Structures are given as C-alpha cells and as structure tokens.
Amino acid sequence: MLGHKRFSCNHPSSTFFPLSRLFYRYRDLAPQLVPLDYTGQPDVRLPYELIGSMPELKDNPFRQRIAEVFSEDGEGNMTLDDFLDMFSVLSEMAPRDLKAYYAFKIYDFNNDDFLCKSDLEKTLNKLTRNELTEEEVRMVCDKVIDEADLDNDGRLSLEDFQHMIVRAPDFLSTFHIRI
Amino acid sequence: MGHLLFTGWNCRECQTFVEKFEGALGKGKGRKLYAYKVMMAKKMIKFNRDFENFKTACIPWERKIKEVESHFGSSVASYFLFLRWMFGLNMVLFGFMFGLVVLPEVLMGLPYGSIPRKVVPRAEQANAMDYSVLLDFGGYCQYSILFYGYYNDARTIGVFKFRLPLSYLLVGVGIFGYSLMVVIRMMARNSNEGGDGGDEGQFTFSFKMFTSWDYLIGNPETADNKFASVTTSFKESIVDEQENQKDENIHLRRFLRVLANFLILCCLGGSGFLIYYVVKQSQDNAKKDQDELTWFQKNEVDVVMSLLGLVCPPLFETIAELEEYHPRVALKWQLGRIFALFLGNLYTFLFALFDEVNEKLEEEKSIKNATMWSLKEYYANYSSYHNTTDVPPLDIAPADVVRGPCWETTVGVEFMKLTVNDIEVTYITILIGDFLRAVIVRFLNYCWCWDLEAGFPSYGEFDISGNVLGLIFNQGMIWMGAFFSPGLVGLNILRLISSMYFQCWAVMATNVPHERVFKASKSNNFYMGLLLLVLFLSLLPVIYIIMTMPPSFDCGPFSGREKMYDVILETLEELPTFIGNIVGYATNPGLILSAVLLMVLAIYYLNVTSKNYENANLELRKKMQMARDEEKNRRNNKETTNQAMQYLEDLLPNRSLIPPPVITEESALSKSSKVAKHPGAAANGKGVNLQKDVSLASPNPRAAVTRPPGPRGPPGHARGPPPGPGRGRGRGAPPPRR
C-alpha cells in the first residue's frame with residue numbers, strides 16, 4: 001500500500017468503529033484460524049475466498065479489487081488490521097477525501113496510480129456485466145476521460161478523480177458498506 | 001495513536017492531531033462527553049434512516065416499479081408512475097363521492113323499495129336479476145346507489161339534517177376543482193426540477209461510472225436489478241450523446257419533417273371525415289326500421305372507431321420514422337397525433353349521447369303530461385264520487401307507479417358500459433397482442449423456418465404512447481360520468497389496481513426493452529398537459545348540463561326543480577339575509593369583469609417575470625461553462641507552450657551558446673533600453689548574439705531580458721536550467737497574464 005503511514009500499537013483500534021463487533025465478524029469467517037487473544041499480535045491472514053464470500057461483499061462486482069487494495073500483500077489476503085481498515089473507510093463516518101482516495105485505488109486495476117483507458121473499460125464491464133457493445137464501451141470511456149481529465153494526459157490522475165468526485169451528489173451514500 | 005491513515009504526515013503533525021482529538025480517541029479528559037455525543041449522533045442517523053425507510057415502504061408498488069425501471073428504462077417506468085399517481089387521485093375522488101354522497105344516502109336515506117325511484121318497475125321485475133341484464137347495468141343494478149336516479153330529493157335527511165342534494169351538486173363540481181388543483185400543482189412542481197430533456201451535467205458519465213453502484217447491496221436479486229438498471233442508464237445516456245453528435249443535413253431533414261406532418265394531417269383529416277360520414281349514416285339508419293339493417297349497419301360507428309384505433313397509430317409511427325427525432329421527442333409527437341385521433345372518438349360518443357338525452361327529454365315531457373292528467377282525473381273522480389275535497393293521496397305500490405325515463409341514469413349507464421368495455425378491450429389486447437404473441441414466438445420457434453425471436457413477430461415492446469393515452473382518456477370518461485354515476489369512481493379504482501398488477505406482470509413476462517432505450521423527460525409535464533386538456537374537455541359538458549338542462553321530474557336529487565343549480569339558490573334563501581346580499585353583490589357582472597381583468601394582468605406580469613428569470617438562468621449557466629473552459633484551456637496552454645519551448649530548444653545548434661534567458665516581469669521597453677546602454681557588451685566574439693533568438697523562443701514575447709548579453713555570470717549559472725519535464729516553470733517566474 002503506497003504512501004500511508006501506520007502507527008502500530010498494542011491493540012488495534014479504529015478511529016471510526018467499535019472494535020469488538022468487527023473482530024467477531026472477522027473471527028466468524030474462520031474460527032479455527034483466528035485466536036481470541038490478539039495481544040501477541042499473531043500473524044493471521046484470511047485468504048481472499050473467505051473475505052469475498054461475506055454477505056456484504058459477495059454481490060459487489062468490485063469485491064476483489066476492494067480486498068486487494070486493503071490487503072497488505074496486495075493479493076486479497078487480509079489480516080485483522082486490513083479488515084478493520086477496510087470497513088472503517090467504507091463506513092458512514094469516514095471523511096470524503098479518504099473515501100475518494102481509496103475509491104481511486106479500487107478502480108485502478110493495474111496499480112499505476114492513474115485511471116487509464118483500460119482501467120475504465122474494466123470498471124465499466126464489471127458494472128454492466130459485459131452487456132454493452134465494444135463501441136459503446138469505447139464511447140463511454142472516451143466521454144469519461146473527456147469530462148474529468150484536466151491535465152489532458154489521456155488518463156485520470158488522483159487530482160482529476162478527486163476534483164470530479166467531490167462534486168458527485170451520490171458518492172458518499174453509494175460508497176458505503178454497513179456492517 | 002491507533003490507525004492514522006493519512007498520507008504524508010510526519011510525527012509532529014500526528015501528535016498535534018491526537019492531542020486535539022484526545023477525547024475522540026478514547027483517552028483523556030473529553031472522553032465520556034465525546035463518546036456520548038458520538039452515540040447520540042449515531043442514534044439520530046439510524047432514526048432518520050429508519051424513518052425514511054418507513055416512509056418509502058408506505059408508498060405502494062415501489063419495488064415493482066423499480067424492477068420495471070431497471071429492466072426497461074425510465075420511459076416505460078414513467079407510465080407506471082403516472083398510473084400510480086392516477087390511483088392516488090382517484091382514491092381522493094372516491095373518498096369524496098363515497099363519504100359525502102353515497103354513505104349518507106345509504107345510512108340516513110330511505111331504504112330500497114320505499115319510494116318509486118328506488119324500486120325496479122313492475123314491468124322489469126321479471127328479469128331484473130338476470131345475469132345478462134345485470135351485466136348491461138339494468139335491473140337491480142340500475143336502481144341502486146350506483147346511479148343518479150336512486151337518490152332522493154328531500155332537502156335534508158336524517159338526524160343530522162344532512163343536505164344531500166346540495167352535497168351531491170357540490171361534490172360533482174368539487175371533483176373537477178380538486179383534480180384541476182392537483183394537476184396544476186404537479187405541473188408546477190415538475191417545472192421546478194430543472195426542465196425537460198434530461199440535465200446536461202458536467203460529469204454525467206463520470207458520475208455514472210463511479211457512483212452508480214450501491215455498495216450496500218447484499219442480495220442477489222437486488223444486485224441483478226442494479227446491474228440491469230446501470231446498463232439501461234448507460235444506454236440511455238449513450239443515446240442522448242449520439243443525438244448530440246449526429247451529423248445534420250438540415251434542409252433534407254426539414255423537408256422530410258414537413259412531408260411527414262403533411263401526410264399525417266391528411267390521415268387525420270380523412271379519419272375525421274370518415275367518422276362524420278359514419279355518424280350521419282347511423283343517424284339516418286336509426287330512423288329506419290331496425291329489422292331491415294344488417295349487423296354491420298347497426299354497429300357501423302363502433303366498427304369504424306375500432307378499426308381507426310387499430311390502424312392509425314402504427315401508421316403514424318411508420319410515417320414518423322421519416323422525421324428522425326430523438327426517441328423522447330418522437331414519443332411526444334406520437335402522443336399528440338393519437339390524441340387528435342381519439343378526439344374524434346370522443347366527439348362521436350358525445351354526439352350520440354346528446355341525441356339520446358334529447359330523445360329521453362321528449363319522452364319525459366309526454367309521460368309527465370300523462371301522469372299529471374291521470375292524477376287530475378283521479379282527484380276529480382274521487383271528489384265527485386265521495387263528494388269531498390279532502391282527497392287522500394293515491395295509494396299504489398311504488399313498483400306500479402308510472403315512471404319517467406330518467407335520462408341522467410341512462411347517461412350514467414352509458415358511461416359505465418363504456419368504462420367496462422374499455423377495460424375488457426385493454427386486457428384482451430394485452431393477452432392476445434403480447435402474451436399470446438410471446439407464447440407463440442417462444443414455442444413455435446423450435447419448428448419454424450425463420451428465427452421468430454429475431455425476425456418478424458418477435459416479442460413486443462411496451463407501447464408507451466398507447467397506454468398513456470388510454471389512461472388519460474379513461475380518466476376523462478370518469479370525470480364526465482362521475483356526476484351521473486357515483487359508483488363509477490369506485491369501478492375505476494378497481495380497474496387501476498388490477499391494471500397495475502396485470503400490466504407489471506405483462507411487461508416483465510412478455511415484453512422486451514426498446515431498441516433505443518431513452519430517458520423519460522424529468523418533468524413528465526407532457527402527460528400532465530394532456531391530462532389538463534382532457535380535464536377541461538370533460539368539464540364543459542357537465543357544467544353545460546348543470547346550468548341549462550332541466551333535471552328529470554321523478555328521479556335523482558334534483559327532481560322537481562327547474563334547473564339543477566336551483567339547490568344552491570334554495571340553500572342561500574335559508575341562510576341569513578346578509579349572506580344573500582353579499583352573494584348578490586359578488587355576482588354583479590361589473591365586479592366579475594374587473595376581477596377577470598385583474599387576473600389577466602397578473603398572469604401577464606408573472607409570465608414576463610418568469611421569462612426574465614429563465615434568461616438570467618441561461619446567462620449564468622453560460623458563464624459557468626465559460627469559466628470551466630477557460631480553466632481547462634489555461635492548464636492546456638501551459639502544457640503546449642512549454643512543450644513548444646522544449647522542442648525549439650532542442651533544435652538550437654549549440655546549447656552552451658544560449659545566454660541565460662532570465663525572464664522577469666518587466667516590459668519590453670526596459671529590454672530595449674538596457675541593450676542600448678551596453679553596446680559594447682555584445683561584442684563578445686565567442687558566441688552568436690542570441691538576443692533576438694532568445695526573445696523569439698521566450699514564452700512571452702513581452703518578457704524582458706534584463707541581463708545584458710555580454711558579461712556572463714559563472715558558467716554553471718549561465719546555462720539556465722532547462723525546464724523540468726512538462727512542468728513549465730523551469731525558466732523562472734511565468735510572465736504575467738492579464
């Protein structure tokens with residue numbers, strides 16, 4: 001995960017969430033792997049398949065990207081910290097800029113810090129389950145770049161994305177998971 | 001300090017953050033109060049959310065309509081939304097009619113069988129219960145609360161002295177008033193929401209792509225609907241975008257449109273003439289002996305109207321393909337044209353009805369005279385026989401009394417039959433036209449030569465214009481008929497509920513989405529406008545009848561009076577005299593004329609004001625658009641001019657010979673003066689006098705080269721660093737831009 005600082009401490013806590021409910025949800029995914037006592041900071045990683053089968057995530061077309069973005073190893077296998085981060089950012093209380101930052105990373109399929117045309121095409125195909133024709137997909141992606149690209153480099157940087165998403169009326173209410 | 005996921009903060013910043021929000025982080029002094037505040041905030045949010053959910057759950061059929069919308073687009077869903085709105089309107093009308101007219105008569109009025117108007121006449125009693133008679137709204141149906149004729153004309157009834165005739169009249173007129181108010185309020189509210197034709201946001205596609213998926217969805221069915229709705233939404237926007245990008249050959253298009261309109265006008269004219277001819281024929285036929293006519297001649301009018309209704313709409317649609325409008329605009333044209341066609345339908349119906357009413361009035365006159373004559377006879381006989389003037393009233397069973405034809409009930413029966421007919425035709429059309437077709441296409445496809453699904457019949461598309469117009473005209477009939485048949489509104493409620501379920505099922509099971517799915521216009525004002533027009537058209541006959549036609553002498557709440565509105569005059573007489581005086585003054589023509597003039601002036605003024613606001617709005621929008629474009633250009637220009645600079649620099653032969661082009665914000669004037677002051681400096685001999693080149697290559701020709709070309713600074717500094725990659729700031733401060 002690029003560029004964010006972590007402050008480790010004795011017990012994991014979240015600025016936006018009550019801890020215990022999330023911990024028990026995490027543990028319920030694989031009770032035999034997750035110990036009840038976390039003071040020794042055990043190195044437990046739940047594989048992506050378990051995370052992706054959670055009821056909150058299983059119908060989401062972007063669940064794999066979400067897991068990849070928040071997991072330490074970038075493959076979708078999440079530790080408890082990753083799990084807490086994920087639901088913390090996606091909660092009601094997280095600030096808009098933080099959500100925008102993570103939304104950008106989720107939609108950046110090739111992890112190059114830019115939303116290039118292929119990223120947009122993949123996003124669109126996941127959203128519509130490949131129902132649109134190629135020409136329609138191309139037109140939509142061209143239009144998106146046309147609308148949001150401010151520095152005219154043919155792809156969306158983080159600033160372009162934030163500049164656009166700040167003006168979206170629905171962003172906060174749709175980019176939200178309740179657990 | 002927990003997880004602080006902010007990038008780029010160093011330790012000190014984090015510490016100050018932590019101290020500031022000490023309470024929030026669970027340690028320190030403010031902890032308890034803050035925790036309490038947070039808990040209350042969360043509870044408040046949850047409460048608000050639950051309340052919103054509850055309010056949404058109370059709206060009927062919301063999930064059904066959302067399902068239709070996800071699969072078929074907002075234009076098809078707009079029909080169902082309109083249907084639901086009509087249902088709400090009809091419920092209120094039903095409430096008025098039922099609560100203020102039907103219920104008092106049932107609870108406090110005389111029961112069935114007590115007076116002549118409430119009893120089936122002796123002659124008809126034999127088959128009053130027959131199924132076929134009941135279906136035709138005769139027999140017991142006709143002499144029930146469903147129709148005008150049942151209601152008694154006693155000025156007050158019951159313990160509460162409820163004035164039924166007055167209530168009947170006021171409800172009859174009030175139905176129109178309420179409907180008018182509601183329709184206009186809806187139109188006004190719609191026009192507030194930013195107008196017609198979808199909005200042109202700056203980021204339409206971006207928002208659709210990044211904010212349309214709702215991460216809260218946790219249910220496969222909802223997810224399916226969401227996928228479908230997102231896809232449909234994209235397709236709608238793509239259609240809009242393609243319209244904007246279309247290449248226009250204006251003259252050809254205009255010519256084709258004029259041609260199409262001319263053809264359609266011919267069709268409408270032809271159908272109008274055909275209707276007129278057929279009605280005339282049927283009038284002539286009515287005078288002949290009924291047995292000589294064939295079935296066709298007897299039902300000419302109905303057959304012709306049905307044929308026109310079946311043939312013309314698809315014909316209009318085919319001609320309209322010449323026009324190549326955006327599908328939303330094409331739908332409006334189609335609606336308008338079919339509306340004109342159906343007006344012909346309405347005209348014939350009303351014509352026939354008025355004929356019948358006049359006939360009945362004639363009949364009534366003769367019966368009335370006969371009854372009066374026979375009554376006189378009875379009194380004369382009785383008094384002459386018993387030699388007394390105190391004559392007891394005639395004692396006959398109510399069923400045997402000679403009855404007038406009661407034309408109002410006849411009119412009510414006609415409207416009922418028309419509505420029932422309409423319902424039947426609609427449902428059968430859906431069953432055959434959509435359901436049967438879908439079944440045939442699906443199952444016959446296995447053993448047919450060509451692909452039925454892709455080729456000729458295939459599955460039907462939902463006919464938005466036909467259904468919307470059907471709904472509007474049906475409501476017009478209800479408005480016209482409610483005065484003569486209080487039960488009609490109840491029938492309509494049943495019809496609307498069953499329509500909603502039936503058509504929702506039919507759409508999902510047998511229709512496919514339109515090829516070009518388009519977004520319904522946000523305002524929906526077009527449907528409302530048509531509804532308003534139909535409201536006025538249906539108001540006119542009823543008001544005319546109330547004001548001019550004499551009510552029947554022996555049936556209904558106004559029996560025995562000269563005109564129906566006499567009830568109001570009677571009521572006014574009973575009120576204190578000063579109210580009567582006020583009303584007298586208020587109905588003074590001079591006063592009314594001045595009031596009308598004032599209202600006309602007010603309308604003109606408001607119209608002008610609203611136009612001014614609209615213009616101001618457009619201007620502001622243009623300014624915003626210009627500001628956006630300017631900002632984009634500014635960023636672009638920095639890009640391109642510095643790339644140009646880089647390119648030129650690469651072209652120059654020897655880079656070491658370039659003098660440091662220090663650009664400051666002074667004007668060109670100082671540049672020339674400085675050069676003049678140091679003429680000797682130029683003669684360096686080492687390098688080319690590149691002063692001129694520098695000024696050519698500089699991003700702003702007005703920028704001054706204050707440094708004289710001769711004496712150069714230390715070599716390292718002299719070169720002047722080339723600009724950074726694409727950043728545009730390598731040569732010192734940018735020149736001022738004004």
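So you know, we letter chains A, B, ... as the sequences are listed, proteins then strands, and number each from 1. The structure displayed is predicted, hence computed values, not measured ones.
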What residue, out of [options], has the most heavy-atom pairs lying under 4.5 Å from chain B?
{"options": "A:Pro61, A:Pro55, A:Ala103, A:Ser173", "answer": "A:Pro61"}
{"options": "A:Arg167, A:Met54, A:Glu131", "answer": "A:Arg167"}
{"options": "A:Ile106, A:Leu120, A:Thr123, A:Asp153", "answer": "A:Leu120"}
{"options": "A:Tyr107, A:Phe171, A:Phe62", "answer": "A:Tyr107"}

>> Could you report the tightest heavy-atom contact between A:Ala168 and B:Thr211, atom names first, then the distance?
In response: CB-CG2, 4.0 Å
Neighbour count above 12 (heavy atom, 6.0 Å) for [X] [atom1]:
{"X": "A:Lys126", "atom1": "NZ", "answer": "no"}
{"X": "B:Arg63", "atom1": "CZ", "answer": "no"}
{"X": "B:Met39", "atom1": "CE", "answer": "yes"}
{"X": "A:Lys117", "atom1": "NZ", "answer": "yes"}
{"X": "B:Glu52", "atom1": "CD", "answer": "yes"}

How far does [atom1] of [X] sit from [atom2] of [Y], to the nearest 0.5 angstrom?
{"X": "B:Glu241", "Y": "A:Met139", "atom1": "CD", "atom2": "CE", "value": "6.5 Å"}
{"X": "A:His176", "Y": "B:Asp214", "atom1": "NE2", "atom2": "CG", "value": "9.5 Å"}
{"X": "B:Leu216", "Y": "A:Thr174", "atom1": "CG", "atom2": "OG1", "value": "9.0 Å"}

>> Assess the residue pair B:Tyr215 and A:Leu57 against the criterion (side-chain contact (heavy atoms from CB on, under 4.5 Å)); give the C-alpha distance rounded to whole Å, side-chain angles, the decisive distance to 0.1 Å, and a yes or no.
In response: CA-CA 8 Å; B:Tyr215 281 57; A:Leu57 287 178; over 6 Å; no
> Is the shortest side-chain N to carboxylate O distance from B:Lys46 to A:Glu92 below 4.0 Å?
Replying inline: no
> Got a salt bridge between B:Lys235 and A:Glu136, using NZ or NE/NH1/NH2 to carboxylate O under 4.0 Å?
Replying inline: no
Are [X] and [Y] close enough that some pair of their side-chain heavy atoms sits under 4.5 Å apart?
{"X": "A:Asp59", "Y": "B:Asp224", "result": "no"}
{"X": "B:Phe234", "Y": "A:Leu124", "result": "yes"}
{"X": "B:Phe203", "Y": "A:Met164", "result": "yes"}
{"X": "A:Asp170", "Y": "B:Phe207", "result": "no"}
{"X": "A:Leu127", "Y": "B:Trp213", "result": "yes"}
{"X": "A:Thr128", "Y": "B:Val230", "result": "yes"}

>> If you count heavy-atom pairs within less than 4.5 Å of chain A, which of B:Pro220, B:Ala228, B:Ala223, B:Ser212 leads?
In response: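 Highest number of pairs under 4.5 Å: B:Pro220.
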> Passes side-chain contact (heavy atoms from CB on, under 4.5 Å), B:Ile217 versus A:Asn60? Steps please.
Replying inline: CA-CA 7 Å; B:Ile217 290 178; A:Asn60 193 321; over 6 Å; no
> Taking the six-membered ring for Trp, are B:Phe210 and A:Phe175 ring centroids under 6.0 Å apart?
Replying inline: no
>> Please tell me whether B:Ser206 and A:Glu147 have a donor and an acceptor in their side chains that are separated by less than 3.5 angstrom.
In response: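 Looking only at side-chain atoms, A:Glu147 and B:Ser206 do form a donor-acceptor pair, the distance falling under 3.5 Å.
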> Passes side-chain contact (heavy atoms from CB on, under 4.5 Å), B:Phe205 versus A:Asp146? Steps please.
Replying inline: CA-CA 10 Å; B:Phe205 282 93; A:Asp146 191 32; over 6 Å; no
